[in-house]
Amino acid sequence: MCGREPWESRRCGPTLAAMAAQDLAGRRALVTGGASGIGRAVAARLAEAGAAVVVADRDAAAAGRVAAEVGGTAVAVDLTDLAAVDALDLDVDVLVNNAGFQHVAPLHEFPPDVFATILRLMVETPFRLVRGALPHMYARGWGRVVNVSSVHGHRASPYKSAYVTAKHALEGLSKVVALEGAAHGVTSNCVAPAYVRTPLVEGQIADQARSHGISEDEVVEQVMLAPAALKRLIEPAEVADAVAWLCSPAAASVTGTSLRMDGGWTAH
Ligand SMILES: NC(=O)c1ccc[n+]([C@@H]2O[C@H](COP(=O)([O-])OP(=O)(O)OC[C@H]3O[C@@H](n4cnc5c(N)ncnc54)[C@H](O)[C@@H]3O)[C@@H](O)[C@H]2O)c1
């Protein structure tokens, strides 16, 4: 249902401005983790802007559904499999590094294999994808790399050692890409949201309720929204709009930055 607030009306479909802006017509965009949550919203938003979108996700069925919805193509791939990552067609103009997952556990109990997998998926794979895509972007003198980071790319929280480490590393990688890509018409930026209403967060609410020994409602109110000034979850479409803006002509001079969509969390 359409509401009165901007984030509510955004759920009703594309704004007139968004429908008019076909900034990405003729461009090819790869969105990792595009089958769900933020990636799904990004795939839809970039398609709305005219891009041919490739949805890369390990969930083949969901990736296929999203690709069908947005008129794009699906690639079923486990992005922790580096050989499979290296085999992807990376002749793209826009690369959105979005795939990720969370694991919540105290450091002294954190499973080392999960730590390694999170770093592979959320740091090493983005590195390999950028590495493979940049020569194509350089050849055309234009490219947009958008890394879906997090407020946890700027701030730490207990029990999230791998995720916080990975997002801080992704922020660093993004800045190096910005410095190297600038001369070739390539920008690289991060979007850093606080909690977004997605399946990943719904899973975290349950996990944190167990870790903190409190109810799920208390997790949202007392843990997730406590550090933010804006007391609501962010919608995936808001993050997608930010990604699309970073790919638009309006953001041509924006590179090496991290757009904090964190409801004021890092203003503290
Ligand atoms: N939801 C939030 O509150 C929030 C906040 C800040 C940042 N983020 C970041 O946004 C990104 C997307 O998160 P989301 O909330 O939309 O999650 P989600 O769980 O809804 O979607 C993640 C997608 O990534 C895919 N994926 C996971 N592991 C994969 C793998 N090994 N290979 C291929 N695909 C894989 C999943 O299948 C899923 O489709 C993540 O990087 C996350 O860290 C999320």
Side-chain angles (χ1 to χ4, degrees), residues 30-45 54-67 69 74-85 87-88 95-104 113-114 116-126 128-129 146-155 157 160 162-171 173-174 190-208 219-220 223-225 227-228 230 232-240 242-243 258-263 265-266:
L30 176 68
V31 181
T32 70
S36 172
I38 293 169
R40 178 182 180 176
V42 168
R45 184 63 186 80
V54 181
V55 177
D57 204 289
R58 70 176 166 192
D59 184 337
R65 281 194 297 275
V66 173
E69 279 165 22
V75 177
V77 57
D78 179 352
L79 292 165
T80 63
D81 175 349
L82 296 177
V85 169
L88 289 172
L95 170 63
V96 182
N97 284 311
N98 167 76
F101 72 97
Q102 177 65 272
H103 187 86
V104 178
D113 60 321
V114 176
T117 303
I118 286 182
L119 258 69
R120 194 179 328 135
L121 178 65
M122 293 162 61
V123 181
E124 189 166 1
T125 291
R128 293 204 183 210
L129 294 176
V146 182
N147 299 298
V148 180
S149 173
S150 163
V151 68
H152 286 114
H154 301 275
R155 294 290 184 277
S157 288
K160 297 184 176 177
Y163 190 90
V164 169
T165 303
K167 291 302 191 187
H168 276 69
L170 184 64
E171 293 275 347
L173 173 67
S174 183
C190 290
V191 176
Y195 290 100
V196 184
R197 194 191 308 277
T198 70
L200 179 146
V201 159
E202 279 151 12
Q204 270 189 64
I205 292 171
D207 287 348
Q208 291 219 22
V219 168
V220 173
V223 180
M224 293 189 162
L225 298 180
L230 295 177
R232 65 173 180 84
L233 294 177
I234 300 162
E235 298 299 331
E238 297 180 79
V239 184
V243 172
S258 183
L259 182 53
R260 298 178 190 202
M261 185 178 267
D262 63 9
W265 181 320
T266 58

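In listed order, ligands and their atoms are each counted from 1.
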Residues forming a side chain to side chain contact (heavy atoms under 4.5 Å, CB included) with Ala194, sequence neighbours excluded:
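If we apply the side chain to side chain contact (heavy atoms under 4.5 Å, CB included) test to Ala194, skipping adjacent residues, the hits are Val151, Ile234, Asp262, Trp265.
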Partners of Asp59 by side chain to side chain donor-acceptor pair (under 3.5 Å), sequence neighbours excluded?
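Here no residue qualifies.
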Please check: side-chain N/O of Ser174 versus main-chain N/O of Leu170, any donor-acceptor pairing under 3.5 Å?
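Such a contact is absent between Ser174 side chain and Leu170 backbone.
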Would you say the side-chain atoms of Asp78 pair up with the backbone N or O of Arg58, donor to acceptor, closer than 3.5 Å?
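No, the answer is negative, given that no donor and acceptor are paired below the 3.5 Å cut-off.
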Indicate yes or no: does Arg128 engage Glu124 in a salt bridge with an N to O separation below 4.0 Å.
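Glu124 and Arg128: salt-bridged.
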Residue by residue, ordered by chain and number, which ones reach under 4.0 Å of ligand 1 with a heavy atom?
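If the criterion is a heavy atom under 4.0 Å, then ligand 1 touches Gly33, Ala35, Ser36, Gly37, Ile38, Asp57, Arg58, Val77, Asp78, Leu79, Thr80, Asn98, Ala99, Gly100, Leu121, Val148, Ser149, Ser150, Tyr163, Lys167, Pro193, Ala194, Tyr195, Val196, Thr198, Pro199, Leu200, Val201.
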Checking His103 now: which residues fulfil ring-ring contact (aromatic ring centres under 6.0 Å, His included) with it, not counting sequence neighbours?
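Here the qualifying residues are Phe110.
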